[in-house]
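Each chain gets a letter, A, B and so on, in the order its sequence line appears, and its residues count up from 1.
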Amino acid sequence: MNRSHRHGAGSGCLGTMEVKSKFGAEFRRFSLERSKPGKFEEFYGLLQHVHKIPNVEVLVGYADIHGDLLPINNDDNYHKAVSTANPLLRIFIQKKEEADYSAFGTDTLIKKKNVLTNVLRPDNHRKKPHIVISMPQDFRPVSSIIDVDILPETHRRVRLYKYGTEKPLGFYIRDGSSVRVTPHGLEKVPGIFISRLVPGGLAQSTGLLAVNDEVLEVNGIEVSGKSLDQVTDMMIANSRNLIITVRPANQRNNVVRNSRTSGSSGQSTDNSLLGYPQQIEPSFEPEDEDSDEDDIIIEGNGVPRQIPKADPNTESLESLTQIELNFESGQNGFIPSNEVSFAPIASGTNTEFEMCDADQKLLEEDGTIITL
Amino acid sequence: MRRFLRSGHDPTRERLKRDLFQFNKTVEHGFPHQPSALGYSPSLRILAIGTRSGAVKLYGAPGVEFMGLHRENNAVMQIHFLPGQCQLITLLDDNSLHLWSLKVKGGVSELHEDECFTLRGPPGAAPSATQITVVLPHSSRELLYLGTESGNVFVVQLPAFHTLEDQTISSEAVLQRLPEEARHRRVFEMVEALQEHPRDPSQILIGYSRGLIVIWDLQDRRVLCHVLSSQQLENASWQRDGRLIVSCHSDGSYCQWPVSADSQQPEPLRSCVPYGPFPCKAITKVFWLTTKQGLPFTVFQGGMPRASYGDRHCISVVHNGQQTAFDFTSRVIDFTVLIEADPAAAFDEPYALVVLAEEELVVIDLKAAGWPSVQPPYLASLHCSAITCSHHVSNIPLKLWERVITAGSRQNTHFSTMEWPIDGGTSLAPAPPQRDLLLTGHEDGTVRFWDASGVCLRLLYRLGTAQVFDTDTDPNDNLNPQGEEDWPPLRKVGSFDPYSDDPRLGIQKIFLCKYSGYLAVAGTAGQVLVLELNDEAAEQAVEQVEADLLQDQEGYRWKGHERLCARSGPVHFEPGFQPFVLVQCQPPAVVTSLALHSEWRLVAFGTSHGFGLFDHQQRRQVFVKCTLHPSDQLALEGPLSRVKSLKKSLRQSFRRIRRSRVSNRKRRPAGLMGEAPESSTRAERAGLQNMELAPVQRKIEARSAEDSFTGFVRTLYFADTYLRDSSRHCPSLWAGTNGGTVYAFSLRVPPADRRMDEPVRAEQVKEIQLMHRAPVVGILVLDGHSVPLPEPLEVAHDLSKSPDMQGSHQLLVVSEEQFKVFTLPKVSAKLKLKLTALEGSRVRRVSVAHFSSCRAEDYGEHHLAVLTNLGDVQVVSLPLLKPQVRYSCIRREDVSGIASCVFTKYGQGFYLISPSEFERFSLSTKWLIEPRCLVDPAETKNHSQPRNSSGTKRASGQARNSGSQSDGEERRPGLVMEHALLNDERVLKEIQSTLEGDHGSYGDRRSQRSTAGYSLSNGGAE
C-alpha cells in the first residue's frame, strides 16, 4: 500500500501496522490496516507486487512474537500473523523451489542462526533436501522425542518446549527407588520419579511422560546421586527447554527396533544408563545449551530488546563454538547498505539506529524481536 | 565441544591451584553451644568446657585453644584434669570415661583421646551399681576413684583404666567400720562427694547423699572420722589444712565440721541457712576459702528462698560482712574458684570466681572492691541477643581501628582491670596479618564490632540503635532491674539477654566504610540509619526522611508491622558511631539490601517493594524506584506480620517457662536436660521416616513474572563505569531483584566544591531482564584489566591501584542459577557459567576474594568465593568464570548456617554453627587464622595471683596492653599495605598478560619465575 501513510502515522498505534518484508537480500516496507487485513490471496499478490516478482511461486513466512518462523499460507494464519504482530510484522519470502521447510518451527529464528541464514540466502548450498510431509500450520511443537537412535530402547528422551506456550510444565517429581543391573548383580538404588501430572499441563498434554516414570537425566546431566531438591532446581533452571530422559514405567509403548539388524544402537534393552554411560552421548549439544540466551535489555529509551552475544574475543576458549556461529553468520552479513534508504529512519525507535552499527547487522535481526 | 574443553585440564594450572586454594576449618569463635561441664587445672591454668554434643574445648591464655570431639555424640557430664598433668578425664552421660591428653607434636600441642572405658560391675548387678556420680583423680596420678549411685567407690588404674577390684570401697565395708550408733540409719545411697585430703594423699572424704560423710584411710581401709548430717547431702569438701570439712545440703544450709580422730559423732562447728528462714532451695556446691587477713570467703551455688527467688540462677559470695548473690540470666552449669595453686601455701587466697552458665562464661574478680567481672578475651556470647546479620571488613586502617577501640573502652569501664586469670599455655600463632572487623547485627537493634583478626574473637565496641526510637520499654530500665529490695543482695551479671522487646529493632543489613568511618545499618521495620564515627559524646536530633517506595502504585495495603516511632528531640549519643539521619522506608518492610558510597556520600537501600537512593551529604532523597510486579500481592501483606506475632508469643511463653523452671540438681544437669533433646531427635527421626513413607513431591514449574516477591531487591552496587557510552564513565547504581531484573541508574554527583549546592541526579539507563528469572544475588563491574573495581576511597588511600578506565568494562551478574558476564556500555552477553542447570545447586552467597599464592610472595588472583544452597564453597575464576575448586563446608540441612555465611576479602569466611558460635574457614593457602599453641606441663606457673588490681598496676596494665597493641600495629601496617599494593600490581600485570595472549601461560610463568629467581614479569619487583 502507500508508503506515505507509514511515514505519517508511525506504526501500530493508529490501527495501521508496519510490514517489513524480505525476499533474498531485498527489504520492502509498507503498512497494512490492522483492522482490515484482507484475504491471504490479496496479501500474496501485494507481496509479489512490492517485490516485483509477479510470477514467482513463493512461500511466505513471518516471525512471530517468540521469534519463530511460521508460515503464512491461508487466511487463518495470515490473520493470526497480523493480529499478533507488534509493532512490526516481519515477512520472509522464499522461492518455492528453493524453500527450506526445516526453517519453519519453534526456535528457528533465534536459536539457529544458521537456519535463518539459509532462509536469507536461498541460493547457497543446502545441507540436505528436505522431505516435505506437510506444512506446519499455525502451531508450534510443544514436545518431541529425541535421540531415539542412540538411546537404549527402555529409555525415552523427551523435550518439552515451555518457551512460547502459556501452559505450565505441570508435573511433580518424588524420591523413590529402582532396581538396577550392576556388575554385582541387581541392586536397589535411589531414584527420582514423576509423581503427578497436572491436568492440562504441558507434560500431560504431550502424552510422553507418565506417573512413575523414572527420571534419569535432565538436559544431559545424570540425576543419580542428586537429591530431589537438586533435581528440582535443575529442572527449573532448564525449564524453558527441558530435556528429560526417562525410563517409562509402562514399557509397552516403546518403539521396538530390530536390534539384530540395526546393530548400531542395538544395546541390550535392560541396561541402565549407569552401566553404559558412554552410549548416551547427548546429541543436543551447544545450541540447545544456549536456549535461554534471551535476556532482555531495556535501554534508557524504553525499548526492550534481546541481549545479543558479544563479539567473542580470543581470550575465551569456551566461546569457540560461538565464534564459528557468528563467523558463519558474518559471512552472510550481506544486509544491503541501501536498506537504510528503504527504511527511513523516521519510522521509529532507536533500535533502528543500532542496526546501523556495522558489527551488529546480523544480530539486529534478532534484536528487533521483542518479547515482553 | 564446550564440555570437552572444560574437562580438559592444564597441569600447570592445577599446580597453581594447589598453591592458591586450600580448604580448612580453622577455629570456632564464640561460646560453646549447650555447655554441660566445666573443668579447671590450677597447675596448667587451663579451663575445659564440655558440651552436650560431646565436644571438649580447652582454653588458656588468649590464643591457646584446643578442641576435641568424642566419637559418641553424648553429653559431657564431668571434666577432671589429672593433677599436674596435661591429661584430663571426661565422663559422658552414657557412663563412659575418656582419657584425653595434650601431646606436643611438631612444636605444637594437640588434644587427643587416648583411652575410653566403661565401668562394669559384677555380673547381674543393677546398672545403677556402676553408674558413676563422682570422679576423683588421685594425686598419685595413677588412680581414679569413682563414686557410684550404689554407694560403692571403685578404683581404676590409669592410663589403661585397669579396675583394681580389691581396692573397691563398698558401702558394706564402710558400714562395718562405722561405730554402732551410726549404722542404724540408712546412711548410704549414692556417693555425692569424693575428695582427697589436701595434705595427706592416703585419706579421702566420701560423702553419701543421705548425709553421712566419712574420712577413709586408703592404706588401712578404715573410717578415720565420720559426720552425720540430718539433711540430704549435696556436696562436701575439705578446707585447705584438712582440719575442717564444709558440707552443703538440700535445705539450703551449709555446715562446717571439725575433723577429729575420735569416733564420737561431732557436732557442726557452725551451720547456717544463708537465705532463711523461709524454705530455701538446695545449696549444690560450696567453697570455704581462707585468706591471709583471716576472714574467709564463702562461695556457694543456690540456696535462694524457694518461694520468691527459686527461679534465679545464683552464686553467692560472702566475705567480710559483704554478701552478693550474682544473678545469672541463664542456668549455672558449674563454677570454680581460682585459688593459690601451690598446695603447700597456707592460705587459699581466692582471686577469681569462674562461672560457666548455660549461655556465657563469667569471671568475677574477687580481689577488687565490689567484685567486678572480668572481660573475657574469648568465649564471647555472640548471641547475647540473637544474631540477625553479619558483615566483615578486612584490613581496617589503624586510625579507624584505634577510634573504635577507644569508643569501646569507654563502654567497658565497669569491667575489672584484672588480667585474664586463665592464662595457661603459650600461643605460638604468628601475629595476625591485618586488622579485621566482624560486625554482627542483633535482634535488639545493637551492632557489635568484633576483632576478628586472630584466634580470639574479642568485642571491641557495641552500638545500640534503639535509643533513636521510642520503644515500649525505656532502655534505662535494664540498668536498674525492677528496683529490688536489699535482700537477697542480688546483682545481675553477664551480658546474655536474649529478649528483645521489639523485634522491629532487629538489624538486617550493615555497611561500613573503613576509610571514612561512615556506617549504614538497616533494620526489620524499614529503618535505615546513617552513622558517623565521632570521638566526642553528642546531643543531636536525628533527621528523619521518609522514602515512599510504592510511589504511585495504587490499591496496595501494607498489612505488616508498623514503622518504629523515632524520637523527635535531640538524643544523647555516647562517643562512637552516632546516627545523623534516619531514612524510613514506606511500607516499613524489612530492608533487604544496603550499599554505601562514602566518596559520593550516597546510601542505597532496598526492600521487597523497591529501592531508593539517599544523599546523606545534602540529606535529600535522590530517587526511589518501585520494583513491585502488579500481581504481587503477597509482598504487600507483610509476610512477616503473622510470623512476628507468633514469635512474640512464643518468646513470652518461653520466658514464663524459664521463670518457673525449678532449678535442676547439679549432678545430672545435662542428664536430665539431655534426655529431652535426645528423645526429641528420636521423634524427629521417626517423623522423617514417616515422611519418607508419604513421599515428598516437588513441583516443576518455570519461574514466571507473576511469582511472588519478584520485586524483592536482593543486591545493590555502586560503580564508576561506562554505562551510557564508551567514552565517558560516570557514577552508577545497580540493583538486582528476586525476579532476575537488574536496573542500572547513571548518577550525576556534583564535584566536591559544589557538592552542597547542586543536587545529585539519577536517571535510569538500563534494565536487564534475565530470562531465567532467578534471583540476582550479586553484581560486579570488572575494569579494563578484568579486575573488580576497587572500593570507594580505596584508591584515594593508596591501598589499591586505580581501576583501568581505558579498556572496556564488563558487568558480572550473579543469579542464584548462573554467573553471567556482559559487556559495557552496550550490554551484550559475553560469557556465562550455569550452576544450577549442571549441578542442581544454587548460589546463596557470593563475594570477590583475593587469593595469594603460598609460594610466590607477591602472586595473587581475584576470584569469586561462592557458597551454594548445598553448603559447598566454590571458587569461580574471574573473568573467565571457570570453576576452580569445590569443598563441602556446611551440612546442606543447616539452613541457618548457610544463611549466616560471610566471606572476607582474602578468602576466609565465617558461618554460625550454633546460635552462639562462628566457625571460621579458609579457602586460601595463605590467610589461615588458626590456633597454634603449646602447653608444657613442666612449666607450671607458680604465680598464682594475677599481676595487678592495685591502682598503680591498673594503669600500667592498661598501658602495657595498649602499648603492645599499637606497637604491633605500627610495625605491621606498613608491611601489610606494601604487600597489598604489590599483590594488586602483580595481579594486574598477570591478568594483562593473560589478556594479551597465551592462556596456558601460568605454567610458563611459574617455570620462568623459578629459573629467573622470581624476578620477571614485574621488572624485578623483588
Side-chain angles (χ1 to χ4, degrees), chain A residues 162 168-176 193 195-196 198 203 218-221 223 226-240 242 285-286 289-290 292-300 304 307-321 354 357 360 363 371, chain B residues 1-3 5-6 8 692 695-704 724 740 742 746 763-772 774 786 810 813 816-818 820-823 826-842 869-870 879-882 892 994-995 997 999:
Chain A
K162 161 70 182 144
L169 282 169
F171 66 101
Y172 289 73
I173 56 173
R174 63 166 170 88
D175 278 319
F193 294 84
S195 60
R196 187 154 90 82
V198 177
V218 176
N219 288 51
I221 312 285
V223 304
K226 293 201 159 59
S227 70
L228 183 64
D229 286 330
Q230 270 175 288
V231 177
T232 306
D233 287 338
M234 287 167 67
M235 288 187 171
I236 291 174
N238 288 305
S239 57
R240 282 157 50 78
L242 183 61
E285 275 291 335
E289 242 191 282
D290 288 337
D292 64 348
E293 276 302 336
D294 319 305
D295 301 340
I296 293 171
I297 172 103
I298 302 175
E299 301 279 353
I307 295 183
K309 266 245 166 64
D311 277 341
N313 299 345
T314 43
E315 79 206 16
S316 161
L317 289 174
E318 280 184 34
S319 55
L320 271 182
T321 49
E354 282 166 11
D357 289 353
Q360 291 293 335
L363 296 173
T371 341
Chain B
M1 172 130 191
R2 203 153 152 195
R3 221 161 269 161
L5 282 171
R6 192 177 287 157
E692 271 166 21
V696 186
Q697 292 187 56
R698 291 278 183 273
K699 188 178 187 183
I700 307 299
E701 207 45 78
R703 288 192 176 88
S704 82
R724 289 170 177 280
V742 175
S746 77
E763 186 187 357
Q764 180 169 342
V765 178
K766 288 187 185 351
E767 178 180 336
I768 301 170
Q769 175 61 57
L770 300 176
M771 257 350 206
H772 60 285
S786 297
Q810 297 171 67
V813 176
E816 282 191 357
E817 293 186 351
Q818 300 186 356
K820 238 170 168 170
V821 173
F822 299 95
T823 57
K826 186 162 183 61
V827 176
S828 44
K830 191 168 176 188
L831 271 179
K832 75 171 165 188
L833 171 67
K834 285 185 174 185
L835 190 71
T836 312
L838 296 174
E839 292 177 13
S841 55
R842 276 178 288 152
N869 66 333
L870 303 181
L880 294 184
L881 300 181
K882 299 209 189 228
R892 68 172 65 167
T994 317
L995 284 176
H999 314 278

> Which answer fits B:Leu835, side chain, backbone, both or neither, if we ask what part of it has an atom under 4.5 Å from a heavy atom of chain A?
Replying inline: neither

>> Heavy-atom cut-off 4.5 Å, strictly under: side chain, backbone, both or neither for B:Ala837 against chain A?
In response: both

> Which atoms of B:Arg698 come close to chain A, meaning under 4.5 Å heavy atom to heavy atom: side chain ones, backbone ones, both, or neither?
Replying inline: both

>> Can you confirm whether A:Asp229 sits close enough to B:Asn869 that some side-chain heavy atom of one is under 4.5 Å from a side-chain heavy atom of the other?
In response: no

>> Within the structure provided, determine whether A:Asp295 and B:Lys820 are in side-chain contact (heavy-atom separation under 4.5 Å).
In response: yes

> Which pair of heavy atoms, one from B:Gln697 and one from A:Arg196, lies closest together, and at what distance?
Replying inline: OE1-CB, 3.6 Å

>> Keeping B:Glu767 on the side-chain end and A:Ile297 on the backbone end, is there a donor-acceptor pair under 3.5 Å?
In response: no

>> Quick check: closest heavy atoms across B:Arg842 and A:Asp233, and the distance to 0.1 Å?
In response: NE-OD2, 2.8 Å

> Side chain, backbone, both or neither: which part of B:Arg892 has a non-hydrogen atom closer than 4.5 Å to chain A?
Replying inline: side chain

> Heavy-atom distance under 4.5 Å between the side chains of A:Ile236 and B:Glu817, does that happen here?
Replying inline: yes

> Where do A:Met234 and B:Gly840 come nearest, in terms of heavy atoms and distance?
Replying inline: CG-CA, 3.2 Å

>> Within the 4.5 Å heavy-atom criterion, are A:Asn238 and B:Lys834 side-chain neighbours or not?
In response: yes

> Which of the residues A:Met235, A:Gln230, A:Lys226 is involved in the greatest number of heavy-atom pairs with chain B at under 4.5 angstrom?
Replying inline: A:Gln230

